[in-house]
K.L.:
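The structure that follows is given in the form of structure tokens.
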Amino acid sequence: MANTPSSQRLQHQVALVTGGSSGIGAGVAKAMAAEGATVVVNYAHSAEEAKAVVADIEKAGGKAVAVKADVSKEDEVLAMFAQIREQFQTLHILVNNSGIQQDATFLEMTLEQWQKVIDVNLTGQFLCAREAAREFVRRGPQPEISRATGKIICMSSVHEVIPWAGHVNYATSKGGIMQLMKSMAQELAPHKIRVNSIGPGAIKTPINNEAWETPEAAEKLLTLIPYGRIGETDDIGKVAVWLASDEADYVTGTTIFADGGMTLYPGFADNG
Ligand code: NAD
């Protein structure tokens with residue numbers, strides 16, 4: 001559970017967190033539930049993991065359900081939104097968090113590796129955001145619940161701006177998310193829908209465990225982080241709660257980097 005005292009900033013709101021069954025998504029799901037949101041914990045494969053996140057939220061006094069859907073498949077996304085409408089009537093917050101890596105050198109990358117990462121990381125965010133926006137517009141404003149009619153938060157990465165050799169599929173998907181987020185923000189602002197991204201740096205999750213698991217790997221990683229520590233999922237949960245809350249009502253179309261300074265070109269810190 002988020003270790004900040006709960007102020008119920010997301011009370012009476014329904015939040016969908018894609019890939020909420022592990023890592024950053026689980027951290028965001030727990031943080032939003034602690035602020036009073038009813039959380040839909042989406043998962044693609046592991047019902048066990050998703051149920052464990054739901055159980056943690058319930059144990060802490062929150063509300064959550066687990067819903068299965070592969071975000072890269074249009075029919076499964078449509079079915080997930082239909083289930084949300086049926087069970088909770090509407091949605092207020094989407095956290096587009098699902099993401100994968102399939103690494104290979106550029107010379108060896110297969111079309112399958114390229115396509116899979118683009119399908120999940122970029123097309124998955126498009127499909128879920130489109131359905132969320134359609135639902136926000138259909139439902140219309142509920143100013144007694146939130147000043148914005150709906151909030152979309154895209155989980156991007158420092159790699160929306162930092163090139164990443166050996167990971168061109170992943171870096172391209174995150175660069176794409178930046179323009180997807182900004183273009184949606186521009187188009188949806190008149191509907192009072194806010195769209196923003198979070199750009200995490202290195203956060204301890206299963207996606208990158210080889211980068212921090214051993215002391216040698218952690219030491220090497222820390223050379224890229226001026227603030228001197230590897231991030232925790234709760235660091236991202238707190239930013240997501242703030243972005244979804246009315247405290248951020250004038251914030252749309254921007255990426256908040258939560259990266260301990262990774263985007264500050266640390267290689268130049270001692271004069272380059
Ligand atoms: P993770 O592997 O723990 O989480 C990824 C989640 O996506 C899992 O819950 C997984 O089940 C889900 N997922 C994968 N394929 C899916 C599909 N087809 N449909 C639905 N869900 C699917 O890793 P994480 O680090 O928590 O990653 C979460 C997000 O944060 C990703 O978008 C990742 O790119 C981003 N991110 C992570 C870091 C980091 O350092 N951990 C840094 C920057 C960005």
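Whatever order the structure lists them in is the order used to number ligands and atoms, beginning at 1.
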K.L.:
Taking only heavy atoms of Gly201, which atoms of ligand 1 are found under 4.0 Å from at least one of them?
P.N.:
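Answer for ligand 1: 38 (C), 39 (C), 40 (O), 42 (C), 43 (C).
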K.L.:
Salt bridge between Asp246 and Arg147, side-chain N to carboxylate O under 4.0 Å?
P.N.:
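So Asp246 does not pair with Arg147 through a salt bridge.
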K.L.:
Determine yes or no for a side-chain-to-main-chain donor-acceptor pair under 3.5 angstrom, with Gln125 supplying the side chain and Met155 the backbone.
P.N.:
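It does hold such a pair.
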K.L.:
Which residue supplies the protein heavy atom nearest to atom 21 (N) of ligand 1, what is that atom called, and how far is it?
P.N.:
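Minimum-distance protein heavy atom for atom 21 (N) of ligand 1 reads Ser98 OG, 2.8 Å.
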K.L.:
When you measure from the side chain of Asp259 to the backbone N and O of Met262, does any donor-acceptor pair fall under 3.5 Å?
P.N.:
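Yes, because the side chain of Asp259 sits within donor-acceptor range (under 3.5 Å) of the backbone of Met262.
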K.L.:
For the pair Thr223 (side chain) and Lys220 (backbone), establish whether a donor and an acceptor sit closer than 3.5 Å, ignoring hydrogens and angles.
P.N.:
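Yes; at least one donor-acceptor contact below 3.5 Å.
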K.L.:
If you look at every heavy atom in Lys116 and Gln102, which pair is closest and at what distance?
P.N.:
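Looking at all heavy atoms of both residues, the shortest contact is CG-NE2, 3.6 Å.
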K.L.:
Taking a cutoff of less than 4.0 Å between a non-hydrogen atom of the residue and any ligand atom, is Ser156 in contact with ligand 1?
P.N.:
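Right, Ser156 reaches ligand 1.
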K.L.:
Starting from atom 4 (O) of ligand 1, find the nearest protein heavy-atom neighbour and note its residue, name and distance.
P.N.:
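The protein heavy atom lying closest is Ser22 OG, 3.4 Å.
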K.L.:
Kindly determine whether Glu144 and His12 satisfy side-chain hydrogen bond (donor to acceptor under 3.5 Å, both in side chains), including the steps that lead there.
P.N.:
CA-CA 10 Å; Glu144 68 287 3; His12 307 305; over 6 Å; no
K.L.:
Ligand 1 versus Gln101, non-hydrogen atoms closer than 4.0 Å: side chain, backbone, both, neither?
P.N.:
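The answer is neither.
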K.L.:
With a 4.0 Å cut-off on heavy atoms, is Pro206 touching ligand 1?
P.N.:
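Pro206 counts as a contact of ligand 1 under the 4.0 Å cut-off.
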K.L.:
Can you tell me how the ring of Trp164 sits relative to the ring of His167, calling it parallel under 30°, perpendicular over 60° and tilted otherwise?
P.N.:
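Rings of Trp164 and His167: parallel, under 30°.
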K.L.:
Please state which protein non-hydrogen atom is closest to atom 33 (C) of ligand 1 and give its distance, to 0.1 Å?
P.N.:
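The closest one turns out to be Tyr170 OH, 3.5 Å.
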K.L.:
Take atom CD in Gln115; do more than 12 heavy atoms of anything else shown fall under 6.0 Å from it?
P.N.:
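Check passes, neighbour count above 12.
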K.L.:
Non-hydrogen atoms of Glu49 versus ligand 1: any pair closer than 4.0 Å?
P.N.:
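Glu49 does not count as a contact of ligand 1 under the 4.0 Å cut-off.
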K.L.:
If we only consider heavy atoms of Met155, is any one of them less than 4.0 Å away from an atom in ligand 1?
P.N.:
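The answer is yes: ligand 1 sits under 4.0 Å from a heavy atom of Met155.
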K.L.:
Hey, does Tyr43 come in under 3.5 Å of ligand 1, counting only N/O atoms on both sides?
P.N.:
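No; the residue has no nitrogen or oxygen that sits under 3.5 Å from a nitrogen or oxygen of the ligand.
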K.L.:
Report the part of Ala26 (side chain from C-beta onward, or backbone N, CA, C, O) that has a heavy atom under 4.0 Å from ligand 1; answer both or neither where that applies.
P.N.:
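It is neither; nothing of Ala26 touches ligand 1.
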K.L.:
Please check if the side chain of Glu76 supplies one atom and the backbone of Lys68 the other of a donor-acceptor pair under 3.5 Å.
P.N.:
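Checked: no pair found.
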K.L.:
Checking a contact table here: which protein heavy atom is nearest atom 12 (C) of ligand 1, and how many Å away?
P.N.:
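The answer is Gly19 CA, 3.8 Å.
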K.L.:
Numbering the atoms of ligand 1 from 1, which are under 4.0 Å from a heavy atom of Ala202?
P.N.:
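Counting from 1, the qualifying ligand atoms are 40 (O).
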K.L.:
Would you find more than 12 non-hydrogen atoms of other residues, nucleotides or ligands less than 6.0 Å from Glu112 atom CD?
P.N.:
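For Glu112, atom CD is not crowded (no more than 12 foreign heavy atoms under 6.0 Å).
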K.L.:
Once you restrict to heavy atoms under 4.0 Å, what part of Ala69 touches ligand 1? Side chain, backbone, both or neither.
P.N.:
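Under 4.0 Å from ligand 1, Ala69 contributes backbone atoms alone.
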K.L.:
Mind checking whether Ser72 has an N or O less than 3.5 Å away from an N or O of ligand 1?
P.N.:
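Checking ligand 1 against Ser72, no N or O pair falls under 3.5 Å apart.
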K.L.:
To which protein heavy atom is atom 18 (N) of ligand 1 closest, and what is the distance rounded to 0.1 Å?
P.N.:
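Protein heavy atom at minimum distance: Asp70 OD1, 2.8 Å.
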K.L.:
Has the side chain of Thr214 got a donor or acceptor atom that lies under 3.5 Å from a matching backbone atom of Ala217?
P.N.:
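Checked: pair present.
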K.L.:
Is a side-chain N or O of Asn97 found less than 3.5 angstrom from the main chain of Ile24, in a donor-acceptor match?
P.N.:
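Pair absent, no side-chain N/O of Asn97 close to backbone of Ile24.
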K.L.:
Between Glu213 and Lys204 (salt bridge meaning N to carboxylate O under 4.0 Å), is one present in this structure?
P.N.:
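Salt bridge flag = no for Lys204 with Glu213.
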K.L.:
When you measure from atom 16 (C) of ligand 1 to every protein heavy atom, which one gives the shortest distance, and what is it?
P.N.:
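For atom 16 (C) of ligand 1, the nearest protein heavy atom is Ala44 CB, 3.7 Å.
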K.L.:
Where is the nearest protein heavy atom to atom 25 (O) of ligand 1: which residue, which atom, and how far?
P.N.:
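Checking every protein heavy atom, the shortest distance to atom 25 (O) of ligand 1 gives Thr205 OG1, 2.5 Å.
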K.L.:
If you take the nearest heavy atom of each of Pro200, Gly23, Gly99, which one is closest to atom 5 (C) of ligand 1?
P.N.:
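Selected option, by shortest heavy-atom distance: Gly99.
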K.L.:
Of all the non-hydrogen atoms in the protein, which one sits nearest to atom 26 (O) of ligand 1, and at what distance?
P.N.:
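Minimum-distance protein heavy atom for atom 26 (O) of ligand 1 reads Ile24 N, 2.7 Å.
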K.L.:
Taking N or O atoms only and a 3.5 Å limit, does Asn97 qualify as a polar contact for ligand 1?
P.N.:
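N/O-N/O distance under 3.5 Å: yes.
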K.L.:
Hey, is Asn42 touching ligand 1 through its side chain, its backbone, both or neither, going by heavy atoms under 4.0 Å?
P.N.:
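The answer is the side chain of Asn42.
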K.L.:
Under 3.5 Å between some N or O of ligand 1 and some N or O of Ser157?
P.N.:
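Such a contact does not occur with ligand 1.
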K.L.:
Inspect the contact between Arg85 and Glu135 and indicate whether a charged nitrogen and a carboxylate oxygen are less than 4.0 angstrom apart.
P.N.:
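Salt bridge present between Glu135 and Arg85.
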K.L.:
Check each of Val28, Ile236, Ile207 against atom 2 (O) of ligand 1 and report the one with the nearest heavy atom.
P.N.:
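Nearest heavy atom to atom 2 (O) of ligand 1 lies in Ile207.
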K.L.:
Polar contacts were defined as any N/O atom of the residue lying under 3.5 Å from an N/O atom of the ligand; does this apply to Ile100 and ligand 1?
P.N.:
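No, there is no polar N/O contact under 3.5 Å.
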K.L.:
Judged by atom type as modelled, is there a donor-acceptor pair below 3.5 Å linking the side chain of Arg194 to the main-chain atoms of Ala248?
P.N.:
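Yes: the side chain of Arg194 pairs with the backbone of Ala248.
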